[in-house]
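Notes follow once the structure below has been shown.
Read the numbers this way: they start at 1 and go in the same order the structure lists the ligands and their atoms. These values consider heavy atoms only, across backbone and side chains, with no hydrogens, waters or symmetry-generated copies.
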Amino acid sequence: MVPAALVEALRAAKRVMFFTGAGVSAESGLPTFRDAQTGLWANYKPQDLATPEAFARDPEMVWRWYQWRRRVHADVAPNPAHHAIAAFEARLPESVLVTQNVDRLHELAGSPAPIHLHGSVFRNKCASCGVAMPEVPHDLETPPRCEVCGGLCRPDVVWFGEGLPQDEWKTALAAAERAEIVLSIGTSATVHPAARIPLVAREAGALVVQVNPEVTPFDRIALNLRGPAGVVLPDLLSRL
Ligand code: OAD
């Protein structure tokens, strides 16, 4: 399933980028964005809750949804895909990990410095003045107030319609322009601008390898390894 030429290219490469999406955490038990929500929140779509408008309309509801997600995220562990990526990084000192995920499973697997393009559910900030706010217990039902300006606390994640954090975006773009190989893993490649990262790398001459059991818009620019990341990545690692 893994072409020998890819193994050779990975052995020779110095600058490898890992670009991950929700699919890399699926085998840990976290639902992907385009999967149905479960349980309590089955009737809500992320696209309706993860927006500044939803928070302005009903901050407590959006806050409670994130508190629920924090409890779910705090209960799961990295899977073989996260561990394989961390092991690849240890072997490839100039590699970069860029993730769209708001969980902390890459960190828990030992990845030293994942670039979080969409923030993290485990960070908070003030919805009014933007100052960083501390984590609070995950069963607190109402958002605390900011000590600086009295604004409401919100998760430090990127919502639909918001811009990406500029430092992270610039670092990821610069790394994409320099990458020799990009592994795009577990992403539907539909949410921009994040999905531009592998495209920028491709335009700059990188080989793009995609790990996904499904077809995505990257199929046409990538070498496709069809299958779950938790199987494909350890297999690839074992061949290096
Ligand atoms: P999606 O939910 O859009 O896509 C998940 C992808 O993972 C799909 O292409 C699946 O086929 C694939 N997948 C599922 N199981 C997999 C497995 N075991 N191994 C490998 N791939 C698997 O998630 P993202 O692409 O991450 O944005 O979504 C991008 C962004 O859209 C998210 O970061 C989020 C969302 O709205 C924000 O929060 C701003």
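Counting the atoms of ligand 1 from 1 in the order shown, those under 4.0 Å from a heavy atom of E214 are 11 (O). Per-residue contacts place E27 under 4.0 angstrom from the following atoms of ligand 1 (heavy atoms of the residue considered): 17 (C), 18 (N), 19 (N). In summary, the atoms of ligand 1 found under 4.0 Å from a heavy atom of G21, numbered by their order in the structure, are 26 (O). With ligand atoms numbered from 1 in the order given, ligand 1 contributes 36 (O) to contacts under 4.0 Å with heavy atoms of F160. Ligand 1 places these atoms under 4.0 Å from at least one heavy atom of P228: 17 (C), 18 (N), 19 (N). The atoms of ligand 1 that sit less than 4.0 Å from any heavy atom of V191 are 29 (C), 30 (C), 31 (O). The atoms of ligand 1 that sit less than 4.0 Å from any heavy atom of A26 are 15 (N).
Not a single N or O atom of V102, backbone or side chain, sits closer than 3.5 Å to an N or O atom of ligand 1. Ligand 1 has a nitrogen or oxygen under 3.5 angstrom from a nitrogen or oxygen of T187. For a threshold of 3.5 Å applied to N or O pairs, the pair formed by P213 and ligand 1 contains no separation below that value. Where the criterion is an N or O separation shorter than 3.5 Å, residue side chain and backbone included, N101 fails it with respect to ligand 1. For A22, a nitrogen or oxygen atom sits less than 3.5 Å from a nitrogen or oxygen atom of ligand 1, counting backbone and side chain alike. Considering backbone and side-chain N/O atoms, H118 comes within less than 3.5 Å of an N/O atom of ligand 1.
Annotation: atom 11 (O) of ligand 1 to nearest protein heavy atom, N212 OD1, 2.8 Å. Taking atom 1 (P) of ligand 1 as the reference point, the nearest protein heavy-atom neighbour is R34 NE, 3.5 Å.
When side chains are defined from C-beta on, R145 does not count as touching C126, because their heavy atoms never get closer than 4.5 Å.
Among all heavy-atom pairs drawn from F18 and L92, the shortest one is CZ-CD1, 4.4 Å.
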